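The block underneath contains the structure these notes are about, expressed in structure tokens.
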Amino acid sequence: MRVKQINLVDTYIDKEKGRGRYDDYIRKVKPIVESFGGEYLVRTENISSLHPKRNPQRVIVIRFPSRQALDDCFGSEAYLKIMKERTDSVDARGIIVE
């Protein structure tokens, strides 16, 4: 069985700052992720936290066919062009799981 890479992202939206350009980023990132074989398993703002210090407003889970595909996606020129729309707008904390 081939190991797939999972990218899990918790997103925290600052109440005072708002979403900024994050919605534009969401629209642009999906086709980039999919072009590298990424498959969205979860994209939701319907979250119930089990820990008082971990309360993200949005959770994203993406499966990639390999670690190389994941690295290529998030290191691609297309992704790097839009990344600032996310980093300037929200606090997104990602982890990679095999």
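Computation of the quantities below employed the complete heavy-atom set of this structure, encompassing side-chain atoms and omitting hydrogens, waters and symmetry-equivalent molecules. Not measured: the values here are computed from a predicted model.
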Do Tyr22 and Thr11 make a side-chain contact, defined as non-hydrogen atoms from C-beta onward lying under 4.5 Å apart? yes
Does the side chain of Gln5 reach to within under 4.5 Å of the side chain of Glu98, using non-hydrogen atoms? yes
One pair to check against side-chain contact (heavy atoms from CB on, under 4.5 Å): Ile6 and Val61. What are the steps and the verdict? CA-CA 7 Å; Ile6 302 291; Val61 179; 3.6 Å; yes
Whether over 12 other heavy atoms sit under 6.0 Å from Lys17 NZ: yes
Around Glu77, counting heavy atoms of other residues, nucleotides and ligands shown, do more than 12 lie under 6.0 Å from its CD?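 Counting neighbours around CD of Glu77, 12 or fewer heavy atoms of other residues, nucleotides or ligands fall under 6.0 Å, so no.
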Return the CG to CZ distance between Asp88 and Arg86, rounded to the nearest 0.5 Å.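 Those atoms lie 10.0 Å apart.
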To the nearest 0.5 Å, what is the distance between OG1 on Thr87 and CZ on Arg21?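 Atom-to-atom, Thr87:OG1 and Arg21:CZ are 8.5 Å apart.
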Would you kindly confirm whether [X] and [Y] end up in one hydrophobic cluster when ILVMFWY residues are joined by side chain heavy atoms under 4.5 Å apart?
X	Y	value
Val9	Ile95	no
Met83	Ile26	yes
Ile47	Leu41	yes
Phe74	Val42	no

What heavy-atom pair brings Pro65 and Gly38 nearest, and what distance separates the two atoms?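 In terms of heavy atoms, the two residues are closest at CD-N, 4.5 Å.
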Where is the tightest heavy-atom contact between Phe36 and Phe64, given as atom of each residue plus distance?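 Scanning both residues completely, I find the closest heavy atoms to be O-CD2, 4.0 Å.
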Is there a donor-acceptor pair closer than 3.5 Å between any side-chain N or O of Lys28 and the backbone N or O of Ala78?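 No; judged by distance alone, with no hydrogens or angles, the pair does not exist.
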Main chain of Ile13, side chain of Gln57: is a donor-acceptor contact present, judged purely on distance under 3.5 Å? yes
Please determine which of Lys53, Arg54, Arg93 meets the salt bridge (charged side-chain N to carboxylate O under 4.0 Å, His left out) test together with Asp10.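 With Asp10 as partner, Lys53, Arg54, Arg93 yield a single salt bridge (charged side-chain N to carboxylate O under 4.0 Å, His left out), made by Arg54.
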Among Ile62, Ile60, Val59, find the one that has a side chain to side chain contact (heavy atoms under 4.5 Å, CB included) with Leu8.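 The passing option is Val59.
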